[in-house]
Structures are given as C-alpha cells and as structure tokens.
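Here's a structure for you.
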Amino acid sequence: MSGTPALVLDNVRAWYGESLVLQGVDFQVLPGEAVTLLGRNGAGRTTTLRAILGLTGRRQGSIRVFGEETLGQPTYRIARHGIGYCPEERGIFASLSCEENLKLPPLFDNGSPGLSLDEIYQLFPNLAERRHSPGKALSGGEQQMLALARILRTGAKLLLLDEISEGLAPVIVDTLGEAIRALRSRGYTILLVEQNFHFAAALCDRLLFMEHGRIIETLTPVQLEDQADRVSRLLSV
Amino acid sequence: MSAFPSLRTCGYAMLLFALVVAPWAGLYPVLGTKLLCYALFACAFHLLLGYTGLASLGHAAFLGVGGYVAGYGVKMWQLSPELALLAGLGSGALLGVVMGFISIRRSGIYFTMITLALAQMVYFLCVQLPQTGGEDGLQGIDRGRLFGLLDLHDDLTMYYTVLVISVAAFLFIARVVYSPFGQALQAIKDNEPRAVSLGYHPNHYKLIVFTLSAALTGLAGALKAISLGFVTLSDVHWMTSGHALLMTLVGGLGTLSGPVVGALALVTLENKMGALGAGLASLTGFAWFSTLGESVMMIMGIVFVLCVLTFRRGIMGELLSLSRHRPRKTA
Amino acid sequence: MDLFGVPITALMAQLMIGLVNGCFYAVLSLGLAVIFGMLHVINFTHGAMFMLGALLSWAGLHYFNINYWVMLVMAPLIVGAFGILLERLFLRRVYHLDYLYGLLLTLGLTLIIEGAVRSAYGVSGRPYGPPPIAGVTNLGFLMLPNYRLWVIVASLLVCGATWFMIERTRLGAYLRAATENASLVEAFGVNVPMMVSLTFGFGVALAAFAGVLAAPVMQVSALTGQTLIVIVFAVVVIGGMGSILGTVVTGIGLGLVEALTKVYYPEASSMVMFLVMVLVLMVRPNGLFGGGE
C-alpha cells in the first residue's frame, strides 16, 4: 500500500474547448510528500489541478489517484478517492455562513478520519471567532483559511492547493505555512501551485517547473539555492 | 475567402430569382404572400436577436398591433394600402419605443421574460378592446389600390408588391447591419463594458435597434393583414413570438439570410402538414398520420426540440460551415 | 357595509379567491426559482406541469376511482419522475450552451406536452366534480368554503417545508452552494448531476402539486399553462429569484392585487399584474427582493 503513489500523471493532455492547454504532463507524488508546481501565468499549473479533478474539457492520458485510474470518472467520483481541493479563487460560498462553509464538503467513507471541528478551530483560531458570519463578510485571509480548513474535515488525504499565499499579508502567509507543516506531520500528501517560491521551498520536498503545458524541470529546495539564476529565468515574465 | 462574397451574392440572386418566378412554377400566390410576410417578421426579429443578443418574446405584440392598426384603418377610415402600411409601421415603432424602454434595463433571461409579460398585457388589451373585434378578430380587410393605381385584389399583384416591400426591408436591414451603427452594435454585443469605456451608450443603441425591429415587425403585421384580409388574436399571442424565434434558429442565428430561409421552411411545413399527413397515411397505412394536420402544435414542439439538440447552427449556418470547410480539406 | 361602493362581504369573497390564486402563483414561482437557481434554465414547461398535475388528479378519479388524497401525493411523484426523465434525456445537453437554447428546448417540450393533451382531450377543461372537502366555515364577515381554506393551508405548508429544506438542511446547503458554484461542490465529492435531476424533478412536482390543488376549483384545460406561465414569469421578475420568502410574498400579493382589480375595475384584472411589473421595474430594476442577473 505504501508503495502506491498518491498521484500519478502520465502523459496528460487537456483541452479547454478547442485549445490544448496541457500538452503531456508527467509526474508523480508519493504518499506524505509535498510537491509544488511553479511556473509563469498560463503555464498550465491551475489547469493541471483542474484536470486531475476532471474540471477541464476533454482529457487524455492517465491520472491515477491512490492507484486508481480516474480519467473516465465524473468529478464527484474522482474527489471521493480522497482529494481535497482548494481553488485559486477560494470558492467561499457567499450565502453560507463560515461554519456552513466549513461543514459543507461531505465526509469520505474511506476509513481515514479527517480533523474534527475542534482541531480545525485550534489550527485556525480566527475562524472560530467568525463561525456565524456569512461567507461574503470574511476578509481575504479568513476566506483563504476557511478554504483550506474545510477540506481537512472530510478525510481527504491528497490536498490540491492553488495559490494559497497569493495576495495575503505576511502574517497570514505565515499562519498558512504553519498549518501546512502541521498537516504534513499528520501524513497528508500535498500538491501546491505557487507563485511565491520562497514560501513553497520552505514547505515542500520537490519543485516542478511548468512551461507551455509541460513539466520542464524538477528541483529540490536545496538545489533551488544553488541555481537561483536559472530559477529566476524560469519564472521571469 | 475572396470567392465567398460572390458566392453569397449568387445565393441571394438565386433566392430572389426563385421568389420572382415561384408563382409561375406553381406556388399559390396567397401562400407566397404569407411566406414573405413571415420572412419579413423573422428578419425583423433577428435584427434584434442576432445583433444585440437580446431574445425578445414580445414581438407578437408588434406583429398583431401593426396588423390591427392597418386593418382598422382600412375598415374604419378607408385608408389607402400605403397609408395603412405606414400606420402599421408607425404603431410598431411606437409600441417598440415603450416596450423597449422598459425591457432593455435588464438583459438575458430577464429581458425575455419582461418582453413576454409586456406582450401578454398587449394581448389582453386586444382581447378587451372593441376595435380589435375580440375573439372574431378583424375580417374582410379590403386590399384596395396601391397609390390609387395598382389593384391589389389580384393575387399576383399583391404577391409582387409584398415581394418588393420585403426586399426593400431586407436591404434596409443589411444596410443597418453593415453601417457604423451596426459595427457599434457588434462591439456592444461582444463586450459591453469595453464599449462603455469607449464612450458608447449601449442602452441608446439597444433601444434604437429594438424600435427598428418593432417597426419592421409592425410593417410585416400590416402587410399580412392587408394581403390575407384578416387579423386575429393568434397574431398577438406569445406563441407567435416563439415561432419567430424558432424560424430564426431553424434558418441560422447570426446569418442575414437565415431568418428568411427558416420562415420559408417552417411556414411551408405548417401549411403542408395536412397534405403530408394524408400522404404518409395512404403510403404507410397508418391512419394516425392523417391527424398530423391537427397536431401542428406538437410537430412544432418536436421541431423546437430537434433544432436545439441536433441542428443548432440552423440551415444557413450548416451550409456556411460546409462551404468554409470544403476548401480546407482539399487543400 | 360598503367599501368604495362594494359590499364588504363580496370584497372579502373576492380577496379570498385572490388569496387562493396567489397561493398557486407562489407555489409555481417557487418551483421555477428553485430550478432556475440550480439549472440556470427558465423552465417553460412549468405551466404544462401544473396542467398535468390537474389532469392526472382528474384522470385518477374518473378512470381508476383513485381519490383526491392519493392523487395529491401520486400526481407530483409521477410528474416529478417525468421531469427527471426530461432532464436526463434533453435538458442535460444544453447546460453548457447559451440560455436561449434552454428556453427553446423547454418551450418545445411544452408544445409537445400541451399538444398531446389537446389532441387527446380537446381544449375545454374537464369539470372535476365537487371538491373533496365539503362545507363552509362562517368567519362572521365571510362564508369560506373549507376546500379553499385547505388550499391556502396546504400551499403555505409546502412553501414553508421548501424553505426549511433549503435553508436548514444539509441537502439545502448543497443546493445553495451549487447555485453559486456547482463545479466546486462537485469537486468536494457531491453528486451534482443527480442533484440537478432531483431539483428539476422537485420543481415540477411542486407545479403538479399546485395543479392537483387547483383541479377542483379551477377549470384546468390543455392550454391553461400558457397563460399561467406568463403570470409566473411576471411574479419572478417582480420578486426577483433571490429569496424564497420574496417569491412567496410576491405570488400571494399579486393574487390579491388581481382580485381587488376584479372588484373595482374588472376590465383590467388580467393586465394588472403586468402593470405592477412595469412599475416595479421602473423603481427597482432588479425586482423587489434583489436577485441578480
């Protein structure tokens, strides 16, 4: 069981309408690993996360989640293999209260218990204070914490986190970083999409660089420091 | 692509030629007149839908009121046909300004529902007003003499008169669409916020187009009233607006000629349904087919559903995509 | 005792009829709004589904001798199942398209349903016979037929239950969330395609329920839905589709306004709700209770 990767993408191609956005993406993530997708805007990082969940148009290739091929499955079935998704736009439901948002994602019956509500409120004390506020009244930082928090209850073991540090105050970014470390120590597998590679390097085991819908480079955080020039070239606009 | 405009010109020339010779090739002129009236109706409807994206379900009001005003004018005030047609056009425009002013404040599905509700109000008004003849409608509207010269009682003269007016209206629509005004409309349809930032007032443009569309629909109603000799409540009923939408879609949304083709196809289908059913019944031995003529409503419903599920580009849309794709394949 | 020249008992009787009609409008527009929220399709078949509910209740009684109370449960179930079938076969194919296609598709389905019923039963309504609840309650100022009282109570109960389900249950939370962002809810592992089917089924079942309630007091015919659907559209334009309470209040309010017009200026009674719509749009383009595009 421990030998099975949490996620395998094998020559994945994905379209939006007529345009081919992912042009053959290959990588895998082992259980308990944290991996970051880096790249310029439009390189296909967000699309990769969406393709894993079947939220793009047509897809080809192979995507295995905890050993199971998911390519032909509808989105809700893919998610039930144990995926928690935190979208770039956060996706907080404006008409639901903070706690309703938190309780919305259904629990998976895959035998792995998620965090309890108490544990979540310990991790994010701000949310406990705002539990009865409507989603639209939360600040950007609170929305981001909520978006992350609500997928921890469900028993998801593989977290897909899209740009969670984007546009937030440093103190909130630190809180999120702490939360991710805590999640790693609990054995969660994490796939991050990030713009902020300092944030990502401190948290993850490997960094994958994307360009034109492909993975073009894999580095470890240690290599990142040695090759600062190359990295800035890979990410420069 | 350079061959394309000439192809299109050829297409129009052929269509026009067909319409000119049709009565000599066996088309019953009265049916031909009706076809042309509905073609004009569909073109007017499409002027709004195709170039602003606003789907109105209120156009039956313009068609009906245009017809009632023209018919009433002829019957009560002995208006000459040209004045009656103008009255139909004017009443369509007037009603269009009012309904447009109210409805263009909203877009999308709300716009559709508002136009539908407003037209329903006009419908009930027509049911109530003694001038419309209530359930009986206006009957026996005299065709008269156009400009005191042309005797319209002759079916062929009537047909060619309607053809000339329809072609003129069609050219007018084409002129509007290709004018700077039409370009501005296109810009608004493609990206309204950007058009606003360029200094356009989208609502002015929408109101003008709505009014033009309503005026031409009023003209179609008046033509229909004078040529067929009657106007009934079914012209004002909202299902008639639904038919305009269907004709436009069957013909091909976004193509200038689509509504004409769609109207010709649907009105012919509707008219021939009885004969078609009888033919099928004798051919297959199923007596049920002979009731086809009475099930126009169901058949129209099936056309709606088929059109949406399998034939979304419409007749002209399919033809155009064929003529565009073929050179690429052979190259 | 008179009020502006109308005896107060006559006025009350008309208002009571208006309240009953308003209840039908409320239940119908509630179903329409629930469907629109989830499918983003304006369901033209809604009026036809109301008619089917009434027809089924009549047919159940006359062909199979199934009484009203059984049909009150059965007809919405049958129509709901029929709706789910339509959703699976047809509507599902147009969600990714412009709203125009959803409108055309449901309009086409309406024509088929109404055309079929018309060719089987003609256009005139079938009398249902005496209402299943007999008797009259004397309210002092008004003799109120008990059946009408039941219609009002049942409609309000159904609206209340719908409110509770949407605002207070887990399923309702899914529904509200999916109205905002369906694909994210599906990415959480919720079977959204099934929810969409059930929502459509539920919405048209509400319409059928109103139809069964209406059968004994209204001559429902094949084409009744065509007039009704436009009124229901006016209700949702006036009330906005954002809030359940707003929809219900608007529906009942319009029923009462219509009844008052019938008393004081009968010629305008069929037009008055559209006039109200125009006035509301002038003052509040987004409707009385908000509800965005």
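Any value given below was found using the heavy atoms of this structure, including those in side chains, with hydrogens, waters and symmetry copies removed. Lettering follows sequence order; numbering is per chain, from 1.
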Next on the checklist: Can you tell me which of C/A234, C/A116, C/A268 forms the most heavy-atom pairs within a distance under 4.5 Å of chain B?
Outcome noted: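 Highest number of pairs under 4.5 Å: C/A116.
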Checklist entry - Side chain, backbone, both or neither: which part of B/L309 has a heavy atom under 4.5 Å from chain C? => result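 Only the side chain of B/L309 comes within 4.5 Å of chain C.
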Item to check | Heavy-atom contact with chain B under 4.5 Å, split by part of C/L275 | outcome: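 Both parts, backbone and side chain.
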Checklist entry - Parallel, tilted or perpendicular: which fits the ring planes of B/F124 and C/F274, with parallel below 30° and perpendicular above 60°? => result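 The rings of B/F124 and C/F274 lie parallel, inter-plane angle below 30°.
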Item to check | chain B contact via C/M273 - which portion, at a heavy-atom distance below 4.5 Å | outcome: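 For C/M273, there is no contact with chain B at all, as no heavy atom is under 4.5 Å.
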Next on the checklist: So for atom NE2, which belongs to B/H201, do other residues, nucleotides or ligands contribute more than 12 heavy atoms lying within a distance under 6.0 Å?
Outcome noted: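 For B/H201, atom NE2 is not crowded (no more than 12 foreign heavy atoms under 6.0 Å).
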Item to check | Which of B/V303, B/V127, B/T112 touches chain C most, by non-hydrogen pairs under 4.5 Å | outcome: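 The option with the most such pairs is B/T112.
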Checklist entry - So which of C/L97, C/L104, C/V237, C/L105 has the largest heavy-atom pair count under 4.5 angstrom toward chain B? => result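 That would be C/L104.
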Next on the checklist: Under a 4.5 Å cutoff for heavy-atom pairs, which residue among B/L49, B/L125, B/L118 has the most contacts with chain C?
Outcome noted: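 Max contact count across the listed options: B/L125.
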Next on the checklist: As an exercise: rank C/L100, C/T110, C/L111, C/V236 by heavy-atom pairs under 4.5 Å with chain B and give me the winner.
Outcome noted: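 Ranked by heavy-atom pairs under 4.5 Å with chain B, first place is C/L111.
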Checklist entry - Would B/E192 and B/Y200 count as having a side-chain donor-acceptor pair, cut-off 3.5 Å? => result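 Side chains of B/E192 and B/Y200: no pair found under 3.5 Å.
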Checklist entry - Of the backbone (N, CA, C, O) and the side chain (C-beta and beyond), which part of C/T106 lies under 4.5 Å from a heavy atom of chain B, both, or neither? => result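 For C/T106, no heavy atom lies under 4.5 Å from chain B.
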Item to check | Which portion of C/L91 sits near chain B, non-hydrogen atoms under 4.5 angstrom | outcome: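 For C/L91, there is no contact with chain B at all, as no heavy atom is under 4.5 Å.
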